[in-house]
Amino acid sequence: MYIMSIRVPRGTQDILPGQVEKWQMIEAKAREFCERYQYREVRTPIFEQTDLFLRGVGDTTDIVQKEMYSFEDRGGRSLTLRPEGTAAVVRSYIENKMFGDANQPVKLYYMGPMFRYERPQAGRYRQFVQFGVEAIGSADPAIDAEVISLAMSLYKELGLKQIKLVINSLGDKASRKAHRDALVSHFKPRIGEFCGDCQGRLEKNPMRILDCKVDRNHELMKTAPSIIDYLNDHSSHYYAKVKRYLTDLGIPFEEDPNLVRGLDYYTHTAFEIMSGAEGFGAITTLCGGGRYNGLVEEIGGPEIPGIGFALSLERFVAALEAENVELPVKKGIDCYLVSLGEEAKDHTVSLLHELRSAGYSAERDYLDRKIKAQFKAADRSNAKYVAVLGEDELKANKITLKTMETGDQVEIELDSFLEKFKENYK
RNA sequence: GCGGUUAUGGCGAAGUGGUUAACGCAUCGGAUUGUGGUUCCGACAUACGUGGGUUCGAUUCCCACUAGUCGCCCCA
């Protein structure tokens, strides 16, 4: 036996027939929803200049510090396989001067593979597919609600029930900084009593200390300053509006003042949609998003606000499986051609083509199998009809058409096979 | 990057320091000289992840590596 030693790269996977139909269903629905919500697709390159992510994602983030697939091309340029979609979409928005488009805000979506060099586990891959939307050019809280609604509706449309929306506000830049400073001075004097991870978080991302599982019972946790108390008037008013719109839309949500997103660019609204399905695994986040009012400027564009989300198709599929949602109906083929003998076999080549040209799905045997095995194959492929062409039929210039469900069979004229097939087809 | 766990034919899955490594599924053939299911019979497959070590002898014991898987960090 041929021993193949080459496998898929670590953390990647083949999506095979039988499974791929679920993906196609999600993809089709996502596009359909984007049409309804009036988001238009943008396709950006799979790799970008490394600098884009350094600036766009933030050089203190894990993504940039340890997860990027970066390489130098032959011209000595540093390029990186995109670890997320927003930075690239914003780059394209600026580069193509979409801020000058007549239609504002600019509403875009993307779907495609992303790459992060991480240790694989349930729900985490090195190559994974994200579907995401970005609404750039509006600071209206109604569009925050629209973006969230789009994601929630999509999950519901495909049958997910055990999903939960969690939201928070990170406030504007000023609110964020005030809160951060308060956190640092709150924890700093006694940071030695916390775990090593938290000690690292103090400078890097002090909000993360708040949801540490190790130190959750430490007395300083209970008295820690909450972002909510540090939102200035504008920020808390904005947050209130978003919540009000969500309520108007009938979208239940949970507020979590400790919800922090891992990327540097978020301001105001931050949200996650999680699965609560049994046995889903440790990673429950299906979708993450938020507002990024400083990002366009950061990447070199005008001062323009934006909001978006990204969701993983891998986790989408996993959630559907965890909730036992059945998606695609396994469709059978219209006709399987069974033939006996050399001459009959030759005939099926053109008969098959006739059926297919007329729009039917049709198949025949290519392994020179016995009639019984051919019928088995027909049965396996869930054929509606089987057309049998043997020596007897050839002699009489007929072909036998069998309806598999009932077992009934009729003889029809070989010369007008397609026409007769159409007449019999129900 | 850290930790747990696993690795036997196409798939699932037993098992042993020592001649031919069970079994089930699938596949193919036959019983049925041209008809799906069941049943019965038969056939088939260069199978012990890779590399070292211990041993007279390793698929089995030890180590490393690789990969899967699960978890930590973090995230979609």
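Just so we're on the same page: letters track the sequence lines, and every chain starts at 1.
Rounded to an integer number of Å, the gap from CG of L337(A) to P of G36(B) is 18 Å. Rounded to an integer number of Å, the gap from R126(A) CZ to U69(B) C1' is 14 Å. To the nearest angstrom, C1' of A76(B) lies 12 Å from CZ of F309(A). What separates CG of L367(A) from P of C28(B) is a distance of 8 Å, to the nearest Å. If you measure from atom CG of D408(A) to atom P of G36(B), you get 15 Å, rounded to the nearest angstrom. Rounded to whole angstrom, the span from the NZ atom of K370(A) across to the C1' atom of A43(B) amounts to 14 Å. Between the CD1 atom of I6(A) and the P atom of A67(B) there is a distance of 14 Å, rounded to whole Å. D365(A) places its CG atom 15 Å from the C1' atom of G29(B), with the value rounded to the nearest Å.
Within the nucleic acid shown, E118(A) comes within 4.0 Å of at least one base atom, counting heavy atoms only. Residue contacts shown for A282(A) are limited to sugar-phosphate atoms, with no base heavy atom under 4.0 Å away. No engagement by A377(A) is indicated, since no non-hydrogen atom pair under 4.0 Å with the nucleic acid exists. When heavy atoms are screened at a 4.0 angstrom cut-off, V386(A) is found touching no nucleic acid atom at all. Among the atoms of the strands shown, only primed sugar atoms or phosphate atoms (P, OP1, OP2) are found under 4.0 Å from some heavy atom of L286(A). No contact: Q127(A) has no heavy atom under 4.0 Å from any strand. Within the 4.0 angstrom heavy-atom criterion, only backbone atoms of the sugar-phosphate kind lie near G11(A); the bases stay farther away. Residue contacts for G132(A): at a heavy-atom cut-off of 4.0 Å it reaches no nucleic acid atom on any strand shown.
Nucleotide U33(B): unpaired (no Watson-Crick or G-U wobble partner with both distances less than 3.5 Å). Taking a pair to require two hydrogen-bonding distances under 3.5 Å in either a Watson-Crick or a G-U wobble arrangement, U66(B) pairs with A7(B). With a 3.5 Å ceiling on both atom-pair distances, the Watson-Crick or G-U wobble partner of A43(B) is U27(B). Across the strands present, C61(B) finds its partner in G53(B); the criterion is a Watson-Crick or G-U wobble pair with both atom distances under 3.5 angstrom.
At a cut-off of 3.5 Å, with distance as the only test, no side-chain donor of Y385(A) or D334(A) sits close to an acceptor on the other residue. Checked by atom type, the side-chain pair D172(A)/N293(A) shows no donor-acceptor distance below 3.5 Å. Counting only N and O atoms by type, the side chains of T269(A) and R291(A) include no donor and acceptor under 3.5 Å apart. A donor-acceptor contact closer than 3.5 angstrom is absent between the side chains of Q49(A) and S78(A). In the model, Y292(A) has a side-chain atom that pairs as donor or acceptor with a side-chain atom of E134(A) under 3.5 Å. Using modelled atom types, one finds a donor on one side chain and an acceptor on the other under 3.5 Å when comparing D408(A) with T406(A). In the model, Q130(A) has no side-chain atom that pairs as donor or acceptor with a side-chain atom of S312(A) under 3.5 Å.
Relative to the side chain of Y125(A), the nucleotides G71(B), U32(B), A76(B) differ in distance, and A76(B) lies closest. Between G37(B), C74(B), C28(B), one nucleotide has an atom nearer to the side chain of D379(A) than all others, and that is G37(B). Among the nucleotides G29(B), A76(B), C72(B), the one closest to any side-chain atom of S312(A) is A76(B). Distances were taken from every side-chain heavy atom of Q130(A) (C-beta onward) to each of C74(B), U35(B), A76(B); the shortest belongs to A76(B). Comparing G36(B), A76(B), G68(B) by their closest approach to the side chain of F375(A) singles out G36(B). Nearest nucleotide to the side chain of T285(A), out of G36(B), A76(B), G34(B): A76(B). Proximity note for A122(A) (side chain, C-beta onward) versus G37(B), C74(B), C70(B): the nearest is C70(B). Checking G34(B), C74(B), G71(B) against the side-chain heavy atoms of D392(A) singles out G34(B) as nearest. Counting only heavy atoms from C-beta on, R119(A) has its side chain closest to C2(B) among C74(B), G36(B), C2(B). Closest contact between the side chain of R369(A) and the listed nucleotides A76(B), G29(B), U35(B) involves G29(B).
The same atom, P, is picked in C2(B) and in A64(B); the two are 13 Å apart, to the nearest Å. For U20(B) and G1(B), the P atoms lie 44 Å apart once the distance is rounded to whole Å. Of the P atoms belonging to A47(B) and G42(B), the separation is 24 Å, rounded to the nearest Å. Atom name P, nucleotides U6(B) and G10(B): the rounded distance is 23 Å, in whole Å. Comparing the P positions of A43(B) and U50(B) gives a spacing of 29 Å, expressed to the nearest Å. Here, C61(B) and U55(B) have their C1' atoms 10 Å apart, quoted to the whole Å. As rounded to the nearest Å, A13(B) and A7(B) have C1' atoms that lie 13 Å from one another. Going from the P atom of G37(B) to that of G30(B) covers 14 Å, rounded to whole Å.
Below the 3.5 angstrom threshold, one finds no donor paired with an acceptor across the side chain of Q374(A) and the base of G34(B). If you check distances only, the side chain of R7(A) never reaches the base of G49(B) with a donor-acceptor pair under 3.5 Å. Between the side chain of K402(A) and the base of U35(B), a donor-acceptor pair under 3.5 Å is found. A donor-acceptor contact under 3.5 Å is formed by the side chain of Q409(A) with the base of U35(B).
OP1 and OP2 of U66(B) both lie 4.0 Å or more from every side-chain N or O belonging to R10(A). One finds no side-chain N or O of K372(A) lying less than 4.0 angstrom from the OP1 or OP2 phosphate oxygen of G34(B).
We find that E32(A) and R36(A) are joined by a salt bridge, their nearest charged nitrogen and carboxylate oxygen being less than 4.0 Å apart. Looking at K420(A) and E413(A), no side-chain N of the basic residue comes within less than 4.0 Å of a carboxylate O on the acidic one, giving no salt bridge.
Map F280(A) and A383(A) each onto its nearest nucleotide of RNA chain B; the residue landing nearer the 5' end is A383(A). Position along RNA chain B of the nearest nucleotide to E272(A) versus P120(A) favours P120(A) as the more 5'-ward residue.
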